[in-house]
Trainee: 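Just dropping this structure here.
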Amino acid sequence: METVTPEQENDNYLTAGPGSMIVGSIAAIIMIAATLLFMPSLRPEGEFGLCITLPTNPLPTAIACGINTLLIALAIFLAFIFNKKHSFVKSTEALLPTAMAVILASNPVNTSYLGSPVIMLIVNLICLDIMMKAYNAENATTSMFAVATYLSLGSMVQYAFLVLIIVYPIMAIMTKVCRIKEIVAYFMGLIAPYWVALGFGFISFSDFRMPQFLADLPNADGNYLLMVFVSLCTLALVGLMMMLNNAMLIYAGNMRVRTFNNMINLLGFTCGIFMLADFDNFGAYASSFCFAVSVQISNFFAMRRIPQSPVWFWGLLSLFMALFIFMLVESLIA
């Protein structure tokens, strides 16, 4: 049995242990509080879906941000629980929740308003869990129907969910559950929410409209908004580097784990592309993109024995905290 030295035990505590989660939680809370107190909201002009438009400011800012913070905590908790079930990150410790907490909190698009970014992340986490549980199942009709129902409900109020309607059938192919009966169940799940809403009179045919790009970017100072995009681009670069570094180790491992990671990579890649393609509505995809990159960062440190790993782990997360500080300074001097 391999002996764990005090130095290694300390490294584990600060990289994947409770100490990591404590420090990450404190850092995230400070960044969220600073966002609420000192930074402009990045909420778009409205949340547009296929048949419903949500009001711009339904709640006071402090209450809305408080609810959004609770939803971020819920998303982190769900990711931690689902990882314990499916092991898409080779660690059931605090690596993934710590990375998610810091990365989500470091970009105001995730934290400055209550809206589609974090809600879309929670829906994606639930749908990923359903698809992972259905892996290689003989009958996955219920799973496909449930996933389609969640995405269809989301598309009513945010057209960004339409992108996911294309992504999850590809995941069904990856998990070996894409058969005729599952395809039929998926289409039934897409239709059912609209059928019920029309039948009960919640919506009418006149409410339907084609998906539209938002007319304006969020109302914020140009330099501040530029720093938000710089942070997201840096995150994309780090995610790509981590994915390439992790690829060989993941492909050499268990096929089930490889498939789950490929599903998350597909989600992250799709959200990253549509942050550019649907530029005015980039925030809707941001939290899900942050989750996908957090998985790559967590896998990088979980699959390797790295000397002084807390230094490298927190050095990487400090990069995003430093970008947040630049955003904070920019918003204060603007």
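In this chain, numbering begins with 1 at the start of the sequence shown.
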Trainee: I'd like to know if the side chain of Asn107 reaches the main chain of Asn110, judged simply by a donor and an acceptor atom lying under 3.5 Å from each other, with no hydrogens or angles considered.
Mentor: no

Trainee: Does Phe208 share a hydrophobic cluster with Ile165, counting links as ILVMFWY side-chain heavy atoms below 4.5 Å and allowing steps through other members?
Mentor: yes

Trainee: Report yes or no: do Ile166 and Ile183 belong to one cluster of Ile/Leu/Val/Met/Phe/Trp/Tyr joined by side chain heavy-atom distances under 4.5 Å?
Mentor: no

Trainee: Would you say the side-chain atoms of Asn299 pair up with the backbone N or O of Phe88, donor to acceptor, closer than 3.5 Å?
Mentor: yes

Trainee: Would you say Phe229 ends up clustered with Leu237 if hydrophobic residues are merged whenever their side chains have heavy atoms under 4.5 Å apart, either directly or through other cluster members?
Mentor: no

Trainee: Given the rule in the side-chain contact (heavy atoms from CB on, under 4.5 Å) test, do Tyr168 and Leu128 qualify, once you have shown the distances and angles that lead to the verdict?
Mentor: CA-CA 9 Å; Tyr168 280 91; Leu128 282 170; 4.0 Å; yes

Trainee: Distance-only, no hydrogens or angles: does the Arg43 side chain make a donor-acceptor pair with backbone N or O of Ser112 under 3.5 Å?
Mentor: no

Trainee: Please answer whether the main-chain N or O of Glu138 pairs with a side-chain N or O of Asn136 as donor and acceptor at a distance below 3.5 Å.
Mentor: no

Trainee: Indicate yes or no: at least one non-hydrogen side-chain atom of Tyr224 is less than 4.5 angstrom from one of Pro108.
Mentor: yes

Trainee: What's the verdict on side-chain contact (heavy atoms from CB on, under 4.5 Å) for Lys133 and Lys85, showing C-alpha distance, side-chain angles and the deciding distance?
Mentor: CA-CA 9 Å; Lys133 285 192 292 189; Lys85 290 167 58 179; 3.9 Å; yes

Trainee: Under the criterion side-chain contact (heavy atoms from CB on, under 4.5 Å), I'd like the reasoning laid out for Val177 against Ser143: C-alpha separation, chi angles, the key distance, then a yes or no.
Mentor: CA-CA 10 Å; Val177 294; Ser143 300; over 6 Å; no

Trainee: Should Thr111 and Met31 count as side-chain neighbours, where that means a heavy-atom distance under 4.5 Å?
Mentor: no

Trainee: Examine the side chains of Tyr251 and Asn246 and answer whether a donor and an acceptor come within less than 3.5 Å of each other.
Mentor: no

Trainee: Would you check if Ser287 and Met120 make a side-chain contact, meaning some heavy-atom pair closer than 4.5 Å?
Mentor: no

Trainee: Report yes if some heavy atom in the side chain of Phe282 is under 4.5 Å from a heavy atom in the side chain of Leu232; otherwise report no.
Mentor: yes

Trainee: Would you please say whether a donor-acceptor pair under 3.5 Å links the side chains of Thr98 and Ser20?
Mentor: yes

Trainee: Does Met241 belong to the same Ile/Leu/Val/Met/Phe/Trp/Tyr cluster as Ile297, with side-chain heavy atoms less than 4.5 Å apart forming each link?
Mentor: no

Trainee: Counting N and O atoms only, with roles assigned by atom type, does the side chain of Gln158 sit under 3.5 Å from a partner on the main chain of Gly49, one being a donor and the other an acceptor?
Mentor: no

Trainee: Taking the side chain as everything from C-beta on, heavy atoms only, tell me whether Phe320 gets closer than 4.5 Å to Val238.
Mentor: yes

Trainee: Is there a donor-acceptor contact under 3.5 Å from the side chain of Ser152 to the main chain of Ala148?
Mentor: no

Trainee: So, do Phe313 and Phe301 have ring centers that fall under 6.0 Å from each other?
Mentor: yes

Trainee: So Tyr150 and Asn124, side-chain hydrogen bond (donor to acceptor under 3.5 Å, both in side chains) or not? Walk me through it.
Mentor: CA-CA 9 Å; Tyr150 293 140; Asn124 272 317; over 6 Å; no

Trainee: Hey, does the side chain of Thr175 reach the backbone of Ala172 with a donor-acceptor pair shorter than 3.5 angstrom?
Mentor: yes

Trainee: Do Ser155 and Tyr194 pair up side chain to side chain, a donor and an acceptor below 3.5 Å, judged on atom types alone?
Mentor: yes

Trainee: Would you say that Asn262 contacts Leu266 through its side chain, given a criterion of any heavy-atom pair below 4.5 Å between the two side chains?
Mentor: no

Trainee: Apply side-chain contact (heavy atoms from CB on, under 4.5 Å) to Thr270 and Ile273, showing your working.
Mentor: CA-CA 5 Å; Thr270 303; Ile273 291 297; 5.9 Å; no

Trainee: Would you confirm whether Ser231, through its side chain, and Met227, through its main-chain N or O, come within 3.5 Å as a donor-acceptor pair?
Mentor: no

Trainee: For residues Leu267 and Met263, determine if any side-chain heavy atom of one lies less than 4.5 Å from a side-chain heavy atom of the other.
Mentor: no

Trainee: With a 3.5 Å cut-off and no angle check, do the side chains of Asn261 and Gln296 form a donor-acceptor pair?
Mentor: no

Trainee: Angle between ring planes, Phe82 versus His86, binned at 30° and 60°: parallel, tilted or perpendicular?
Mentor: tilted

Trainee: Are Trp314 and Val102 packed together at the side-chain level, in the sense that at least one heavy-atom pair is separated by less than 4.5 angstrom?
Mentor: yes

Trainee: I want to know whether Tyr135 and Phe260 have ring centres closer than 6.0 Å.
Mentor: yes

Trainee: Please tell me whether Leu190 and Trp195 are part of a single hydrophobic cluster in this structure, the criterion being side-chain heavy atoms less than 4.5 Å apart.
Mentor: no

Trainee: Do the side-chain N and O atoms of Asn68 and Tyr113 include a donor-acceptor pair separated by under 3.5 angstrom?
Mentor: no

